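Reviewing the structure listed below.
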Amino acid sequence: MTRLFVLGSGSRGNCCALEHEGSVLLIDAGFSAREIGRRAAAVGLALDGLVGIALTHEHGDHARGAARLAAQTNVPLLTALGTWDRLHRLRGRLRHVPLPLLQEVVLGPFTVRAGPTCHDAAEPVALVVRTAEGAALGVAYDLGRATAATRYLLRDLTAIVIEANHDDFMLRTSSYPPVVQQRIAGSAGHLSNRAAAELLAELHHPGLAVVVLAHLSERCNTAADARGTVEPALKRAGFRGALYVAEQDAPLPAIELRPGPAQLALAL
Ligand SMILES: [Zn+2]
Ligand SMILES: [Zn+2]
């Protein structure tokens, strides 16, 4: 059985985990190590099965607790080389598994693939993690815009955790100065609800069972707005799965991933 745990998401921290038969891979560690432990315990995720921590990029809301947690648990960090370079103070103290772009890296029961994204970080990536039974999770935050490479990486997924950062109107009428608004909406910034809806409609296929909207702006979005924009677009595309909205301050209950028809066919 494969389970997805979304421990929290937003501009103050992002962390989720994939658990397969007791092995756990964290994807981003944007809370303190102690807070990640507290949230994991609250939803029944046993971190003593941790095999690694994969990072999308080095920004604090994605990497804050990574070094301490990796040191405490003696597991490697999986990052793009540019991200590892930016985390240079950790070199020599922590184990590192490089994630070459679009190549498969195997760690325990997980196969991890990274694809480049547009964002103002050293070498930001979206990640896809597959398990032996055929479940495939995509995690894509901090997408200024979804490039062809991102769309290619995120095809044929069982579940996706994807940024729905802001509502365009709320951003335009927010108290952010114009230069900040432009940065957020720009090609190195964050994906709007509308852009997330369009991307998800394009990525939809019969095996897509779980969608989690994540990294919502506290000032320029609400869970109702994100869901209200994405849900109709997904339904029009034929989505019959479960749609969740991640919260900043509390984890979601465990989500079981059952490979759909497309994934089962691939796994046989
Ligand atoms: Zn970032
Ligand atoms: Zn972020």
Side-chain angles (χ1 to χ4, degrees), residues 5-17 26-33 35-36 39 53-67 69 77-88 90 99 101 114-129 137-147 149-150 153-154 160-168 170-171 174 176 179-193 195-196 199 211-223 226 244-252:
F5 293 84
V6 180
L7 298 184
S9 182
S11 56
R12 288 185 283 112
N14 295 275
C15 182
C16 62
L26 275 192
I27 300 144
D28 282 347
F31 302 105
S32 70
E35 179 66 10
I36 290 169
R39 291 183 184 222
I53 303 170
L55 299 181
T56 58
H57 62 296
E58 73 277 13
H59 288 164
D61 59 319
H62 299 265
R64 184 169 294 119
L69 192 59
L77 291 180
L78 291 74
T79 75
L81 281 175
T83 303
W84 185 241
D85 219 40
R86 204 57 72 88
L87 298 169
H88 58 88
L90 308 179
L99 292 175
L101 293 182
T117 58
C118 274
H119 183 55
D120 55 2
E123 192 179 357
V125 295
L127 295 168
V128 168
V129 185
L137 167 70
V139 178
Y141 307 118
D142 295 42
L143 296 173
R145 62 191 166 82
T147 62
T150 309
L153 179 79
L154 299 176
I160 185 166
V161 176
I162 191 158
E163 172 174 61
N165 179 257
H166 56 274
D167 173 84
D168 290 313
M170 286 176 78
L171 178 63
S174 71
Y176 283 126
V179 63
V180 177
Q181 290 187 24
Q182 278 160 19
R183 192 198 147 259
I184 293 171
S187 62
H190 293 276
L191 214 59
S192 69
N193 293 341
L199 178 60
V211 172
V212 181
L213 303 180
H215 216 305
L216 271 67
S217 161
E218 283 174 305
R219 271 209 233 175
C220 301
N221 210 354
T222 66
Y244 302 85
V245 182
E247 293 178 32
Q248 178 71 87
D249 293 320
L252 295 180

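Keep in mind the model is a prediction, meaning the values are calculated, not measured. For ligands, and for the atoms within them, numbers begin at 1 and follow the listed sequence. Residue numbers start at 1 and run along the sequence shown.
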Taking the six-membered ring of F31, is the NZ or CZ of R39 close enough (under 6.0 Å from the centre) and on axis enough (within 45°)?
-> yes
State plainly whether the residues E123 and R86 are in salt-bridge range, i.e. N to O under 4.0 Å.
-> no
Please name the atom of H59, restricted to N, O or S, that is closest to the Zn ion (ligand 1).
-> ND1
Closest approach to the Zn ion (ligand 1) by D142, given as the N, O or S atom name = OD2
Does E163 reach the main-chain N or O of L191 with its side chain, forming a donor-acceptor pair under 3.5 Å?
-> yes
Is it the case that N165 and N221 place a side-chain donor and acceptor less than 3.5 Å from each other?
->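 No, because no side-chain N or O of N165 sits under 3.5 Å from a partner of the opposite role on N221.
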Among the N, O or S atoms that D61 has, which is closest to the Zn ion (ligand 2)?
-> OD2
Do any of the N/O/S atoms of H119, backbone or side chain, fall under 2.8 Å from the Zn ion (ligand 1)?
-> yes
Stepwise, does the ring pair (Phe, Tyr, Trp, His ring centres under 6.0 Å) test hold for H215 with H62?
-> CA-CA 10 Å; H215 216 305; H62 299 265; 5.3 Å; yes
Contact check: H57 to the Zn ion (ligand 2), N/O/S below 2.8 Å | no
What is the NE2(H62)-the Zn ion (ligand 2)-NE2(H215) angle, to the nearest 10 degrees?
-> 100°
